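In what follows, a single structure is set out as structure tokens and then discussed.
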Amino acid sequence: MEYFSKNKKLNILFVAPEARPFMKVGGLGEVMYSLPKALRDLGHDARVMIPKYASMDVEKFIFKSELRELKIVSATADQTGLFICNVLRYDNEKGATEAYFLENEEYYEKRANTYGYSDDAVRWALLSRGVLEFLKQSVWKPDVIVASDWQTGLIPNYLHTVYKDDPALSKIAVLFSIHNLSYQGMFDHHFVSDMDFDSGQEEIPEFDNPRLLKLNFMRRGIMRADAINTVSPTYAREIIMPEYGELLNDLLSERRSRLFGILNGINYEDYDPGKDPNIKINYNVKNISRRKGNKAILQNKFNLEEKEDVPLLGIISRLTDQKGFGLFFDTARSLLNNFNFQLMVLGSGDANFMSFFQDLINEYPKRVAGHFTYDETLPRLILAGADSILIPSKFEPCGLTQMEAMRYGAVPIVRKTGGLADSVVDYDPREQIGTGFVFEQFDHHAFYGTIIRALETYQYPKFWEGIQKRAMKADFSWTNSAKEYVELFKKTISLHNQPIA
Ligand code: GLC
């Protein structure tokens, strides 16, 4: 069979709400840049398709017109719900197409943000349907579509219903990628009445039907995809259990022979402390001591006392419940009152976290600092200057920050869950192994104790530097994971030809 010939180059289309460098909100946008790139480096033709947002820099990126007046009907082929879109294309310097954009004035162009509108169900259904209508007409066809998160969950659904017998689309396999199971649609899935419950079986309603807002896009993606993956092996195992399954654990468990986990990587050229133009003092594993210059710059910039030997803990994160900073509520003051360290917080998110950290800044001037809006370059400054980065997540599908931190010699302090468990090895002082500090239970005693372990170890520079060196040498580049993805794509294609289990 041709797909299994070793050197078969695949056509792959990633569909997502965001992709760097065009639009990035979080980790998903980063992966939608770095994974297709890694696949292209392996010789595959990987492209990405996202909406065309108003905030995209059209001066910087030259978009070409790919297809004008793409007509999308909202469900069955009557003319009641007709949406007109265009498809734009971005080719790189070498002339190769890297990205497509679905253009629609009303649903994307007029919106300042990527997420968070009351008609998001329509916006994402339109994207899903628009991608498939585009592919029907496109000469270039993917062997596999990779649909990411709930926003694209209707792609597998449409492919296996409306377009099941469409000669242009029926050969395309679909992989559904879960980057975060806790968002499943427009509503909070923990509080759905029996009447609103979406079993995933009913036909997808017309876009103007309010029932569309009640669909569980995530469930539908999982149900109908040829294969499903998530972004770390541990999270793939966790989500079939009630504790992490977000009420979809039974479904995921039923489909577990098609459920895979591949750890994300990071782009090693972009994240290179030896070359990073965003930091003042470049360094590498052979001259880690140069980091202290960056620490001083960071302390100065944020009004922290400029002290080389006081450990500086950093946070670079969305400030949401998932990230686990609730563990600080009962512990931060006791830690700050009893131990000498500094804390730098960068992130935005829920008001309760932001006001909590703001209070700490007021109470502990010169020791706690924060910046609560998104910033492009500040994360690099913190990665290069902080001694340690805190990621105590309740759950973490993968997490990229711990990998970036290790690459920059900032020792991660993490909870053992999802991708954090798969990437950070707990420090063992007897064996002198480990790349960070890891705690298991999500409770504030475990958290507190682990911070103390890190602060104490920091007092022994030789040991601390050993951890930094091992962390910096650990390999989280995409090379291996991208190869695993190629194998998964091949598997997805072969599963596509078997009936859905
Ligand atoms: C989501 C997850 C995060 C993951 C990222 C990229 O943001 O919460 O854990 O690293 O997607 O896959």
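As the structure lists them, so they are numbered: ligands from 1, and atoms in each ligand from 1. Bear in mind that the values here come from a model prediction, so they are computed numbers and not experimental data.
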Tell me which residues fall inside the under-4.0 Å heavy-atom shell around ligand 1.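 Residues near ligand 1: Gly27, Leu28, Val31, His179, Asn180, Val231, Asn264, Arg318, Gln322, Glu396, Pro397, Cys398, Gly399, Leu400.
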How long is the gap from CD1 on Ile155 to CG on Leu13, to the nearest 0.5 Å?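 Spacing of CD1 (Ile155) from CG (Leu13) equals 8.0 Å.
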Quick one: list whatever passes ring pair (Phe, Tyr, Trp, His ring centres under 6.0 Å) with Tyr235, sequence neighbours left out.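 None.
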Arg129 to Tyr158, cation-pi by 6.0 Å centre distance and 45° axis angle: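 The answer is yes; both the distance and angle limits are met.
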Can a cation-pi geometry be assigned to Arg318 and Phe353, taking NZ or CZ under 6.0 Å from the six-membered ring centre and within 45° of the ring axis?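 The answer is no; the distance or angle limit is not met.
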If the threshold is 4.0 Å, N to carboxylate O, is there a salt bridge linking Glu106 and Lys110?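 A salt bridge links Glu106 with Lys110.
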Parallel, tilted or perpendicular for Phe63 and Phe22, by the 30°/60° rule?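 Correct class here is tilted.
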